[in-house]
Participant: 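Okay, here's the structure, questions in a sec.
Residue numbers count from 1 along this sequence.
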Amino acid sequence: RPRHSSSAPSFEQSRAMAALQKEAEGMELHLCPTSQSGYKGVWNTGKKNLRYEAAAGSHRLGRFETAVDAAVCYAKYTASGAEAASKWVATCEARRAGG
């Protein structure tokens, strides 16, 4: 008799995952069917501006306007470390400031 994992995505979650962006800024994004944002390490802050936050373990990486930007930050952190993530945060901040 097969065992079913309680963390298996539902049909609705699977459909939502299929619609998510899987790559951005040359990075493969970490999809997560159990995350409300759809991306590992990314959640909605509930704030009007900078609605998404990224974190890896206890390392808060930054707040972003979009889930994709936050997912890119997480992907950069996991692939290349804190410096790469910090550069992405600075890029996003400059974009918001109009530069």
Participant: Please step through side-chain contact (heavy atoms from CB on, under 4.5 Å) for the pair N44 and E53, ending with a clear verdict.
Facilitator: CA-CA 6 Å; N44 190 321; E53 188 161 351; over 6 Å; no

Participant: Taking the side chain as C-beta and beyond, is there a heavy-atom pair between F64 and V89 under 4.5 Å?
Facilitator: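 They are in side-chain contact.
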
Participant: Counting N and O atoms only, with roles assigned by atom type, does the side chain of Q21 sit under 3.5 Å from a partner on the main chain of E23, one being a donor and the other an acceptor?
Facilitator: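 Looks like yes, one N/O pair under 3.5 Å.
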
Participant: Do V72 and L61 belong together in a cluster built from hydrophobic side chains that touch within less than 4.5 Å?
Facilitator: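 Cluster IDs for V72 and L61 differ.
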
Participant: Tell me whether S35 contacts the main-chain N or O of K40 through its side chain, where contact means a donor paired with an acceptor under 3.5 Å.
Facilitator: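 Between the backbone of K40 and the side chain of S35 there is no qualifying donor-acceptor contact (under 3.5 Å).
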
Participant: So, are R51 and E65 salt-bridged, with charged N and O less than 4.0 Å apart?
Facilitator: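 No, R51 and E65 are not salt-bridged.
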
Participant: Given D69, which partner from the list R95, R96, R63, K76 fulfils the salt bridge (charged side-chain N to carboxylate O under 4.0 Å, His left out) test?
Facilitator: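 Considering R95, R96, R63, K76, a salt bridge (charged side-chain N to carboxylate O under 4.0 Å, His left out) with D69 is found only for R95.
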
Participant: If hydrophobic clusters are built from ILVMFWY residues whose side chains come within less than 4.5 Å, do W43 and L31 share one?
Facilitator: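 Different clusters: W43 never reaches L31 through Ile, Leu, Val, Met, Phe, Trp or Tyr contacts under 4.5 Å.
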
Participant: Count I, L, V, M, F, W, Y as connected when their side-chain heavy atoms are under 4.5 Å apart, and connections chain through other members. Are L20 and V68 then in the same cluster?
Facilitator: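 In one cluster: yes.
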
Participant: Heavy atoms only: give me the nearest M27-A75 pair and the separation to one decimal.
Facilitator: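 What the structure gives for the nearest pair is CE-O, 3.4 Å.
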
Participant: Looking at A54 and A70, what are the two nearest heavy atoms and their distance?
Facilitator: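 Distance-wise, the nearest heavy atoms are CB-O, 3.5 Å.
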
Participant: Looking at Y77, Y74, Y39, which hits ring pair (Phe, Tyr, Trp, His ring centres under 6.0 Å) with H30?
Facilitator: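 Single pass found, and it is Y74.
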
